[in-house]
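Below, read A as the first sequence line, B as the second, and so on, with proteins coming before strands; counting in each chain starts at 1.
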Number of protein chains: 2
Amino acid sequence: MTGTISKQALRRLPYYLEYLKKQRDEKQVVNISATIVANDLHLNEVQVRKDLAAVSVTGGKPKTGYVITELITDLECFLGYNNTKEAIIAGVGKLGSALLSYDEFARYGLHIVAAFDTNEEIVDNVKIFPAKKMADLCERLHAHIGIICVPPSQAQAVCDEMIKSGILAIWNFAPTHLRVPPEVILQNENLAASLAVLSQNLAIEIGEGSNDRKG
Amino acid sequence: MTGTISKQALRRLPYYLEYLKKQRDEKQVVNISATIVANDLHLNEVQVRKDLAAVSVTGGKPKTGYVITELITDLECFLGYNNTKEAIIAGVGKLGSALLSYDEFARYGLHIVAAFDTNEEIVDNVKIFPAKKMADLCERLHAHIGIICVPPSQAQAVCDEMIKSGILAIWNFAPTHLRVPPEVILQNENLAASLAVLSQNLAIEIGEGSNDRKG
DNA sequence: GTAAAATCGTTATTAAAATATCGATTGCCT
DNA sequence: AGGCAATCGATATTTTAATAACGATTTTAC
């Protein structure tokens, strides 16, 4: 690694990857430059160049740019799409069961190997286990990622249980703050937060008496 | 509005709200200070104070802090949870149908009033319409928010159709870059991107030959 | 073979967000 | 009533990410 890549940059990588594959498959592009990518994705050229430099092994050549197949490989490798990562999921409600049966995860190297919930037995042909079996299953299935889809009120308890079971990274879909020890990685996925950004901007734009009482 | 609130700050607001409600309901807290909130949520005290100052109407009082009920009201008001926002959704696959039947949205003031897809007719007791009826329905149902859950290859076409139909803000769950005119608000929700951050940090932590070919 | 154009990668500058510092205000305790 | 402790709100500093500027390299054209 040239250094550490910023979180924001990391979030841009999947977009590059998707775009590059499209260029390769639909338009048979062989070489591509950061300039072109930046123009097409409406990003700053230097930003793209830095991002790509951070993941590319061979680097790009002046005048030519990058070999698109190499760049795709490097991105997939950097993003870990090749080696599978085992995960467990807790909470098989609407959102949880959607994630459980979300085929796209396989393309990102994520494999959900066990699901947990309180009362349910079978959901979408998948057996649901009680929380007390979590530690045993995590160890046997080598799962290090935990996905939390339970209601906010139960999220912390489930989180604690996961950590006790050997989970090292938590992907939290519950709209609540979780307390984790420093060595555990926490990634929050809060639909309410995203919606807040969206509707706030919308309110500003259409200026419909805005949400702001201070006005 | 005291000014414009930053996007990151906006994303923190739902966490404050959830936390405050919990304190009010479970522990009958009446007054609360930014200091306490910051400690409990493990955030910087000044950051919390600024965030709360941006939404609070009356402000907090020294030594006492904020009246928790007022603060909750102000947050809900600021986030627009009171006034409902009509939305349409395109793409009723795994993820799309989960969002379509995700009851929690109602609490955020979001109401999905119509769903669109190519072939399906009925999903979860909801009628699915073909795209050609989008413009008409958007107008009649006063929908200004569009949720995109179609595969990446179709996302841009659907996006364009939504904009033609009068949609002003787009919530994009397709892992692809979308081109929108400047007046249209775009919020990307990319699970691949979040997963990238998570697994990258995990790879660094457990140092398992990392994903990085550069070593 | 040389000049020109395009691109890379690095270094500098700017912008934005997070964090620290400080004085002012309010309630509580003696 | 007076002083102490806690909190607010504002201003400054630091840190981080985004953007701009620049020199170096490589291909293509003449």
field: Worked check of side chain to side chain contact (heavy atoms under 4.5 Å, CB included) between A:Val184 and A:Leu168
entry: CA-CA 5 Å; A:Val184 172; A:Leu168 298 172; 5.6 Å; no
- prompt: Side-chain donor-acceptor pair under 3.5 Å between B:Asp51 and B:Gln47, yes or no?
  reply: no
task: Kindly say if A:Arg12 contacts the phosphate of D:dA18, meaning a side-chain N or O under 4.0 Å from OP1 or OP2.
output: yes
query: What's the closest nucleotide to the B:Tyr66 side chain, out of D:dC8, C:dG27, C:dA6?
result: D:dC8
query: With respect to the side chain of B:Asn44, which nucleotide from D:dT26, C:dT26, C:dT19 is positioned closest?
result: C:dT19
field: Atom-to-atom span, CG of B:Leu10 to C1' of C:dA17 - whole angstrom
entry: 15 Å
message: Would the base of C:dT10 count as contacting A:Lys50 through its side chain, where contact means a donor and an acceptor less than 3.5 Å apart?
response: no
message: If the cut-off is 4.0 Å, is B:Gln47 near the phosphate of C:dA18, judged by side-chain N/O to OP1 or OP2?
response: yes
- line: Assign each of B:Ser33 and A:Val46 the nucleotide of DNA chain D bearing its closest heavy atom; nearer the 5' end lies the nucleotide of B:Ser33
field: Atom-to-atom span, CG of B:Leu43 to C1' of C:dA20 - whole angstrom
entry: 16 Å
query: Taking 4.0 angstrom as the limit, do B:Glu76 and B:Arg107 come out as a salt bridge?
result: no
query: Rounding to a whole Å, what distance do you find between B:Glu45:CD and D:dG9:C1'?
result: 12 Å
message: Quiz question: by atom type and distance under 3.5 Å, do the side chains of B:Glu70 and B:Thr58 form a donor-acceptor pair?
response: yes
query: Is there a side-chain polar atom (N or O) of A:Arg49 under 4.0 Å from OP1 or OP2 of C:dG9?
result: no
task: Measure the distance from CG on A:Asp51 to P on D:dT19 and round it to the nearest whole Å.
output: 11 Å
task: Whole angstrom is fine here: how far is it from CG in B:Leu52 over to P in D:dT7?
output: 13 Å
- prompt: Taking only N and O in the side chain of B:Lys61, is any of them less than 4.0 Å away from OP1 or OP2 of C:dG27?
  reply: yes
- line: Side-chain contact check for B:Ser6: nearest option of D:dA18, C:dA18, C:dG9 is C:dA18
- prompt: Counting any heavy atom closer than 4.0 Å, what does A:Ala34 reach on the DNA or RNA strands: base, sugar-phosphate only, or nothing?
  reply: sugar-phosphate
message: Salt bridge check, A:Glu45 against A:Arg49: does any charged N sit closer than 4.0 Å to a carboxylate O?
response: yes
